[in-house]
Amino acid sequence: MLSRISQLGTRLLRETRAAGNLTSHGSSYYQGQLSRHLAPAKSILFSTAASSHHDETSQNKEKISVTFVNKDGTEQTISVPVGMSMLEAAHENDIELEGACEGSLACSTCHVIVMDVKDYNKLEDPTDEENDMLDLAFGLTETSRLGCQVIAKPELDGVRLALPAATRNFAVDGFVPKPH
């Protein structure tokens with residue numbers, strides 16, 4: 001795809017230079033040809049950027065309150081935008097929730113424990129992939145979930161999530177990731 005865009009850009013540059021030498025009648029023909037080639041490139045290159053920005057601003061309007069109970073028992077309450085995962089929210093607020101696989105469902109280091117069963121029941125059921133990873137989690141409970149799979153929604157306002165006493169990171173034990 002990138003190669004095709006590069007070829008198109010090179011061709012447009014050559015044709016633009018050649019168009020400077022055309023008469024006004026030839027130039028209008030050229031403009032039609034240029035528009036024909038440039039229109040698809042505009043839709044490919046620019047269509048997703050605008051919609052992505054729109055999605056960010058609409059999600060930032062509504063926030064919920066989430067309390068993380070740390071390993072030492074201290075609590076930290078944060079505001080989380082609707083649509084954001086608890087793993088992302090924890091990283092943005094310097095909460096020690098590991099997330100070694102960066103939310104790709106390939107580990108269990110973002111394991112959290114939903115402290116209230118009523119809140120746990122408001123969550124969608126875990127997928128088979130999440131359950132497979134939870135089987136590897138340290139200190140698994142009936143209300144355990146992966147933080148990367150718990151997505152903020154209005155019904156979860158006030159949810160309390162406990163961080164387990166330890167994690168099982170098979171890659172590098174003790175590594176604390178830094179958010180990007």
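FYI, the numbering just counts along the sequence from 1.
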Residue list, side-chain contact (heavy atoms from CB on, under 4.5 Å) with Ser85, at least two apart or on another chain: Leu87, Glu88, Ile151

Rounded distance (nearest 0.5 Å) linking atom OG1 of Thr143 with atom CZ of Arg145: 10.5 Å

Non-hydrogen side-chain atoms of Glu62 and Pro154 separated by less than 4.5 Å: yes

4.5 Å side-chain heavy-atom contact, Met86 and Phe68: yes

Exam field: side chain Asp157 to backbone Ile64, donor-acceptor pair closer than 3.5 Å: no

Closest approach of Ala100 to Cys107 (non-hydrogen atoms, all atoms of both residues): N-SG, 3.9 Å

Least distance between heavy atoms, Ile113 atom then Gly139 atom: CD1-O, 4.1 Å

Any donor-acceptor N/O pair, Ser79 side chain to Lys63 backbone, under 3.5 Å: no

Test log, rule side chain to side chain contact (heavy atoms under 4.5 Å, CB included), inputs His111 and Leu134: CA-CA 7 Å; His111 170 217; Leu134 280 169; 4.1 Å; yes

Atom CD of Glu142 with >12 non-hydrogen neighbours under 6.0 angstrom: no

Any Arg160 side-chain heavy atom under 4.5 Å of Val69 side chain: yes

Any residue meeting side-chain hydrogen bond (donor to acceptor under 3.5 Å, both in side chains) with Asn121, in chain and number order, not counting sequence neighbours: none

Criterion side-chain contact (heavy atoms from CB on, under 4.5 Å) against Leu156, the qualifying member of Leu161, Leu123, Val66: Leu123

From CD (Glu129) to OG (Ser104), nearest 0.5 Å: 12.0 Å

Pair Thr77, Thr67: side-chain N/O donor-acceptor within cut-off below 3.5 Å: yes

Side chain to side chain contact (heavy atoms under 4.5 Å, CB included) between Gln149 and Leu105, worked out: CA-CA 8 Å; Gln149 300 302 300; Leu105 263 177; 3.6 Å; yes

From NE2 (His91) to CG (Leu97), nearest 0.5 Å: 5.5 Å

Distance in Å, Leu163 CG paired with Asn70 CG, rounded so as to fall on 0.5 Å steps: 5.5 Å

Intermediate values then yes/no, side chain to side chain contact (heavy atoms under 4.5 Å, CB included), Gln76 and Ile95: CA-CA 8 Å; Gln76 186 173 351; Ile95 295 170; 3.5 Å; yes

Any Leu146 side-chain heavy atom under 4.5 Å of Val112 side chain: no

Spatial distance of atom CE (Met133) from atom SG (Cys110) [nearest 0.5 Å]: 11.0 Å

Lys153: salt bridge (charged side-chain N to carboxylate O under 4.0 Å, His left out) partners, not counting sequence neighbours: Glu155

Point-to-point distance, once rounded to the nearest 0.5 Å, from OH of Tyr120 to OG of Ser144: 8.0 Å

